[in-house]
Amino acid sequence: ALVYALYEPGALDPAEVLRPAQANRSTPLLLVTGGPRADVDRARELVESGGVPVLANPERGAAAMRALVADARAAHRRLAGEPGDPGEGPGEPGDPGEHGEGSGDPGKRSGGASLGAAATLAGPIDEHQAKLLLESVGLRAPRRRVCDSRELARQAAEGLGGRVVVKVLDPAITHKTEAGGVHVGVEPGPALEAALYSIDRLAPAGRTRYLVEELLPPGLDLIAGGLRDPSFGPAVLVGLGGVVAEALGDTAMRLAPLSAADGHEMLDELLGRKLLDGFRGGPAVDRDELVAVLRSLGDLLLAHPEIAELDVNPLRATTSGLVAADALVIFATPERS
């Protein structure tokens with residue numbers, strides 16, 4: 001229940017009017033009020049001492065009510081267990097790639113043996129480890145090699161098809177593109193040497209590590225991820241990704257755990273939802289697969305309260321399915337947890 005009333009003590013005393021309702025804990029109650037700052041502050045102190053949040057304007061009141069409704073729905077889903085909607089991930093995990101470093105064919109499911117959804121995790125972790133975690137719950141990532149030397153990077157590039165993506169591998173560098181630590185479409189020879197030299201400048205001497213990945217085919221770049229809200233718990237996000245993620249802000253969010261219906265509602269909320277259907281010759285996104293990815297991310301957040309945020313950007317939709325081209329996992333600090 002949301003009550004909206006300007007602060008007019010001669011006509012209405014919010015603390016007095018709401019006192020009987022405060023005893024009914026089964027129905028969340030919100031008050032939106034406005035007036036002279038000092039008077040409203042005194043009224044807020046009295047009302048909030050009774051357990052009723054006070055908001056400063058109708059917009060905040062509406063946002064708070066929507067958040068409470070979403071939280072109640074999520075709590076109901078947890079209790080009800082959603083019969084017939086078991087929340088399976090997007091696929092069965094398979095074998096990790098050669099030497100356990102990276103997935104196999106990006107068109108096939110793969111799993112990572114090093115990090116699992118059941119184990120307690122600790123950070124910070126680098127991009128390769130973050131992708132192993134995603135692979136362990138059924139997502140796909142490019143074939144890749146972790147290289148501690150230039151010679152190993154050269155060998156990895158040859159083994160992965162020649163033209164590759166070369167990245168700095170350091171958990172302390174979270175924004176690799178902005179730092180100049182991502183080089184796409186690099187060919188063996190001078191271009192590869194230049195990319196490795198550029199990455200060397202980002203890391204302390206003698207501690208440079210490279211992540212060499214296969215070059216993915218073009219496709220629609222999405223963003224998928226989640227965060228742990230201090231009030232409402234884990235929430236999952238999806239939207240248009242790549243370089244336009246921050247520019248457009250076209251995203252939808254729901255509290256975890258997600259049902260299949262929740263996931264499809266999120267996709268229908270996107271302003272760019274037509275792009276999911278193969279706009280102007282682009283690859284169509286398998287919506288069921290994308291919803292399964294979102295549900296897996298929500299389950300991962302629920303299983304690991306130590307994860308504060310996770311970000312898959314871009315999650316590339318190719319003709320062979322969805323592939324996590326980049327991944328970032330941030331762990332809660334004692335101050336944030």
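Predicted model only: the values in this text are computed from it and were never measured. Note: hydrogens, waters and symmetry copies are ignored here, and every other heavy atom, side chains too, is used.
- Remark: Gln155 CD is packed, more than 12 non-hydrogen atoms of other residues, nucleotides or ligands lying under 6.0 Å away.
- The shortest side-chain heavy-atom distance between Leu68 and Leu30 falls under the 4.5 Å cut-off.
- Atom CG of Asp250 and atom CD1 of Ile223 lie 11.0 Å apart (nearest 0.5 Å).
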Self-check item: Verdict with supporting geometry, Leu237 and Leu294, side-chain contact (heavy atoms from CB on, under 4.5 Å)
Solution: CA-CA 8 Å; Leu237 174 143; Leu294 299 178; over 6 Å; no

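- Of the possible donor and acceptor atoms, none in the side chain of Asn313 sits under 3.5 Å from a partner among the backbone N and O of Gly241.
- Between the side chain of Glu214 and the backbone N or O of Arg143, at least one donor-acceptor pair lies under 3.5 Å.
- Side chains of Glu193 and Arg154 form a contact here, defined as non-hydrogen atoms less than 4.5 Å apart.
- Formation of a donor-acceptor pair under 3.5 Å by the Asp268 side chain with backbone atoms of Glu265 is not found in this model.
- Between the side chain of Ser296 and the main chain of Ala292, a donor-acceptor pair closer than 3.5 Å is present.
- Side chain of Thr318 to backbone of Pro217: no donor-acceptor contact under 3.5 angstrom is found.
- Interatomic distance, Leu18 CG to Leu46 CG, rounded to the nearest 0.5 Å: 11.0 Å.
- In this structure a side-chain-to-backbone donor-acceptor pair under 3.5 Å is present from Arg273 to Leu270.
- Of the N and O atoms on the side chains of Asn57 and Tyr4, not one donor lies less than 3.5 Å from an acceptor on the other residue.
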Quiz item: How far apart are the C-alpha atoms of Asp299 and Arg295, what are their side-chain angles, what is the distance that settles it, and do they pass the salt bridge (charged side-chain N to carboxylate O under 4.0 Å, His left out) test?
Solution: CA-CA 6 Å; Asp299 291 344; Arg295 297 181 68 187; 6.0 Å; no

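- Counting heavy atoms from C-beta on, the side chains of Asp221 and Leu315 never come closer than 4.5 Å.
- In this structure a side-chain-to-backbone donor-acceptor pair under 3.5 Å is missing from Arg163 to Val186.
- Proximity of a side-chain donor or acceptor of Arg228 to a complementary backbone N or O of Ile307 within less than 3.5 Å is detected.
- Here the side chains of Val166 and Leu211 are not in contact, with every heavy-atom distance at 4.5 Å or above.
- Using a 4.5 Å heavy-atom cutoff, the side chains of Tyr210 and Leu169 are not in contact.
- Residues Lys176 and Asp326 have side chains in contact (heavy-atom distance under 4.5 Å, counting atoms from C-beta outward).
- Residue Leu310 holds its CG atom at 8.5 Å from CG of Leu227, rounded to the nearest 0.5 Å.
- Connection of Leu322 to Val236 is established within a shared hydrophobic cluster, with ILVMFWY side chains joined at heavy-atom distances below 4.5 Å, either directly or through further cluster members.
- Side-chain contact between Val212 and Leu160: present, with at least one pair of heavy atoms (C-beta onward) separated by less than 4.5 Å.
- Checked by atom type and distance alone, the side chain of His183 pairs as donor or acceptor with a backbone atom of Gly180 at under 3.5 Å.
- Using a distance-only test at 3.5 Å, with no hydrogens or angles considered, a donor-acceptor pair links the side chain of Lys131 to the main chain of Ala325.
- Side chain to side chain, Arg287 and His264 fail the donor-acceptor criterion of an N or O pair below 3.5 Å.
- Contact annotation: the side chain of Asp170 never approaches that of Asp126 to less than 4.5 Å [non-hydrogen atoms, C-beta and beyond].
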